[in-house]
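The structure appears right after this line, and notes come after that.
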There are 2 protein chains.
Amino acid sequence: MSSKKRTTIHDIAKKLDITASTVSRALKDHPRISDATKELVIKTAKEMNYQPNSIAAALRRGTSNLIGVIIPNIDRNFFASVVRGVEDVLNDTNYNVIICQSNDSLEKEKSNIKALLEAQVDGIFASYAKETTDFSHFEDIVNRGIPLILFDRMQDVFNVDAVVIDDYLGAYKATEHLIEQGCERIVHFAGPENVSIYRDRRRGYEEAMKRSHLSVDEDLIIHSDLKLESGKRLAEEILEWNELPDAIFSASDYAAMGAMEVFKKHDIEIPQDIAVVGFSNESFTSLIDPGLTSVDQHSKKMGQFTANLFLDRLKDKSKDHTPTKTVLNPELIIRGSSLKKVEQPQDQKIEPEHINT
Amino acid sequence: MSSKKRTTIHDIAKKLDITASTVSRALKDHPRISDATKELVIKTAKEMNYQPNSIAAALRRGTSNLIGVIIPNIDRNFFASVVRGVEDVLNDTNYNVIICQSNDSLEKEKSNIKALLEAQVDGIFASYAKETTDFSHFEDIVNRGIPLILFDRMQDVFNVDAVVIDDYLGAYKATEHLIEQGCERIVHFAGPENVSIYRDRRRGYEEAMKRSHLSVDEDLIIHSDLKLESGKRLAEEILEWNELPDAIFSASDYAAMGAMEVFKKHDIEIPQDIAVVGFSNESFTSLIDPGLTSVDQHSKKMGQFTANLFLDRLKDKSKDHTPTKTVLNPELIIRGSSLKKVEQPQDQKIEPEHINT
DNA sequence: AAATTTGATGTAATCGATTGCATGAAATAT
DNA sequence: ATATTTCATGCAATCGATTACATCAAATTT
């Protein structure tokens, strides 16, 4: 059954007693080919079940129509969603996407890049590994003249196109929202200080407090690894305080959720007694009760932006473009965990789709 | 800076005053090349920063070392995880993975297949779209002699390699577990009857009941779309019953979670009053309180199996292999929502990793 | 010493599509 | 009627690596 030989333009040419070049041009709708032969060629191609060999075309043209995407892990919601955004955009073009995972390992990242370069990809989108501090392997990509765009994580030392989210602004919005709800004694669950996104989130929190003439109380800023368990532990600690806070802004949804569980168990009303806001808009935030207000990082949009930036770069590749840093505006998704005042008109509530198998 | 021309084997050959074929052979460690030249070539290649062009090799050899994976959505945990499994295995080989999303649309699926065939992939792994009932476009793949493996979703009418999970067995295990915990009046949240996986899960539930000489009460089997909201609604209804059930086995984690929330709000103790078990082991199941017992579908393992099956097929491609259906054994992950008896030794509890940004 | 084997490398075709540069015929302009 | 375009297609090189076959010198065998 399996017809070993795939038909090529030469097969079509032979059958029609013309040359392969004519066939090639006819299929590409070249203006110099008569309509009659075009029709004939197309018809015959269909009859012979012709499928172009893009590998051959790639070799000749020097462009593979492949894009490499390097992410730490594909089964992390955020990155999967970024990839989705990339795919959404590139699916309407001739590009195919190759996915590589670094598992946050520098070695793996290097070998990924090597593999992608060998596959002659036309561009690489990457979110670098946590281990990565030296960027010479990324510079290799740029030196080869292959467009590179970093997303989510980026380093200012390395001058390259990047698409990131504004963590500072996200935290600012979250805190400002809590203040608008009447909260004044707002605890911040902060992350490790050596990670830039957590420093930015803390800055956003502090700035929002200051702008509203609320004092930034160091005792209200608690550092942890921001995991679920830490959230629970911190909540237990807070319950021992003389004076309870009236809100918590957590730099992670997980810690926020852990805290909520503990508070609920102690019959503390959310958001009446303590309002809670998280960060990342993980899918579970809309599932729990009350829904957890959170900062959405526009993961899919980030992917779309990245892909579109690449396509834009292609158009005027002539010029030596200066690398651009695109900073996406995070969005506060307001849910029950922070909505103390009467329901306000909420025109842009984006709920992640419910998923079931 | 960007050295326009990449070095080829010809460049190396010219520099060393030998031919490209010798270079090619030296790099491939061909036995007929002297060690001296091998060393020299390898050294020079490194110096000249040579990077093989796998496109050219692919054209010549007729094998691209690309694998196409078609999934409905990449940002669905289950599929992302399958892809992860595939990547895990193929990363140790020369294969690269191209991802395509069908968005559960038949048209998209067809165009994905077309694109992959044009890219000359060496194999295709696919989970077909919900819309798909006719499989002729998949048959095209097989007819071209390209290995095709379906995963998760499969149709018995179409004879092809497949890796799936045993939904029946998963449901059986879940129900059996509830019975072991002393439950007798077990409600089943069933899914749409036209979907095979939901029929299988119901069968598993019924069979487990029968085996334990418990009657299968049609009134205890409730159909819905299994979304979170449905779970809540059904729980409210159940609360009106004269006699409450002592357990719920839901064919979806979402519905189970919705029900749990409602029960908790009505001060019904879980699992003492009502034990709950879900299906799919979604990541949130380990986050909520109590943790939701659920059936794990081994998504990553499914991907690994699929990739390994492909690699096995390659080895003895000589023979006309009969398509194999691999059925993975689902695993019951026991958590607080169903554990009424004294904690039993639990030796294989696999908790999904907590993820935080 | 002649014959044969082995070892190391070169020659050239090939994979399939693309494309700059002819070519020859028909159409139009002078 | 001759000169010049325009049109439709053919020719042949090219992309870079691979590989069957050829070649030639050195090593070994008889």
Side-chain angles (χ1 to χ4, degrees), chain A residues 3-42 44-45 48-66 94 117-122 144-145, chain B residues 3-42 44-45 48-66 94 117-122 144-145:
Chain A
S3 48
K4 284 293 160 203
K5 291 154 204 153
R6 317 188 180 173
T7 65
T8 71
I9 52 172
H10 293 95
D11 300 328
I12 300 175
K14 200 172 293 172
K15 184 155 192 176
L16 297 180
D17 202 31
I18 53 180
T19 53
S21 28
T22 305
V23 174
S24 172
R25 291 187 179 108
L27 291 173
K28 282 187 55 193
D29 202 26
H30 187 110
R32 277 310 201 27
I33 299 292
S34 70
D35 291 345
T37 41
K38 273 184 194 170
E39 251 180 73
L40 189 61
V41 167
I42 291 171
T44 314
M48 299 180 73
N49 197 15
Y50 168 73
Q51 201 113 29
N53 184 331
S54 60
I55 292 271
L59 177 59
R60 176 64 226 259
R61 283 203 311 257
T63 150
S64 64
N65 283 9
L66 291 174
N94 292 321
L117 289 178
E118 287 185 10
Q120 311 297 119
V121 293
D122 292 343
R144 273 173 194 275
Chain B
S3 49
K4 284 295 161 207
K5 291 155 205 155
R6 318 189 180 172
T7 67
T8 71
I9 51 171
H10 292 96
D11 300 329
I12 300 175
K14 202 173 291 171
K15 185 155 191 176
L16 297 179
D17 202 29
I18 52 179
T19 52
S21 31
T22 304
V23 174
S24 171
R25 290 187 181 111
L27 291 173
K28 281 188 58 194
D29 202 26
H30 187 109
R32 278 311 206 17
I33 299 291
S34 71
D35 291 345
T37 40
K38 272 182 194 170
E39 251 181 71
L40 189 62
V41 167
I42 290 171
T44 314
M48 298 179 75
N49 197 14
Y50 169 72
Q51 201 112 31
N53 184 330
S54 59
I55 291 271
L59 177 58
R60 178 62 226 262
R61 282 205 311 258
T63 149
S64 64
N65 282 10
L66 292 174
N94 292 321
L117 289 179
E118 288 185 9
Q120 312 296 120
V121 293
D122 293 343
R144 271 173 194 275

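Because the structure is predicted, anything quoted here is derived from the model rather than measured. Chain A is the first sequence line, chain B the second, and so forth, proteins listed ahead of strands; every chain is numbered from 1.
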Rounded off to whole Å, could you give me the [atom1]-to-[atom2] distance for the [X] and [N] pair?
| X | N | atom1 | atom2 | answer |
| --- | --- | --- | --- | --- |
| Ile33(A) | dT6(D) | CD1 | P | 18 Å |
| Ile12(B) | dA17(D) | CD1 | C1' | 12 Å |
| Leu27(B) | dG16(D) | CG | P | 16 Å |
| Arg32(A) | dT6(D) | CZ | C1' | 7 Å |
| Arg6(A) | dG16(C) | CZ | P | 9 Å |
| Leu59(B) | dG16(C) | CG | P | 7 Å |
| His10(B) | dT11(C) | NE2 | C1' | 12 Å |
| Arg25(B) | dT11(C) | CZ | P | 12 Å |

Counting any heavy atom closer than 4.0 Å, what does [X] reach on the DNA or RNA strands: base, sugar-phosphate only, or nothing?
| X | result |
| --- | --- |
| Thr37(B) | sugar-phosphate |
| Ser34(A) | sugar-phosphate |
| Arg61(B) | sugar-phosphate |
| Ile18(B) | sugar-phosphate |

Assign each of Ser21(B) and Ser21(A) the nucleotide of DNA chain D bearing its closest heavy atom; nearer the 5' end lies the nucleotide of Ser21(A)

Side-chain atoms of Asn53(B) come closest, of dA17(C), dA17(D), dT9(C), to dA17(D)

Testing dG7(C), dG16(D), dA17(C) for proximity to the side chain of Thr8(B), the answer is dG16(D)

Nearest heavy-atom approach of Ser54(B) to Ala119(A) is OG-CA, 3.2 Å

Do [X] and [Y] come close enough that some side-chain heavy atom pair is under 4.5 Å?
| X | Y | answer |
| --- | --- | --- |
| Asp29(A) | Lys38(A) | yes |
| Asn49(B) | Arg144(A) | yes |
| Ile9(B) | Val41(B) | no |
| Arg6(A) | Asn53(A) | no |

Per nearest nucleotide of DNA chain C, the residue lying toward the 5' end, His30(B) or Ala56(B), is His30(B)

[N] OP1/OP2 closer than 4.0 Å to side-chain N/O of [X]:
| X | N | answer |
| --- | --- | --- |
| Thr22(B) | dG10(C) | yes |
| Thr19(A) | dT9(D) | no |
| Lys28(A) | dT19(C) | yes |

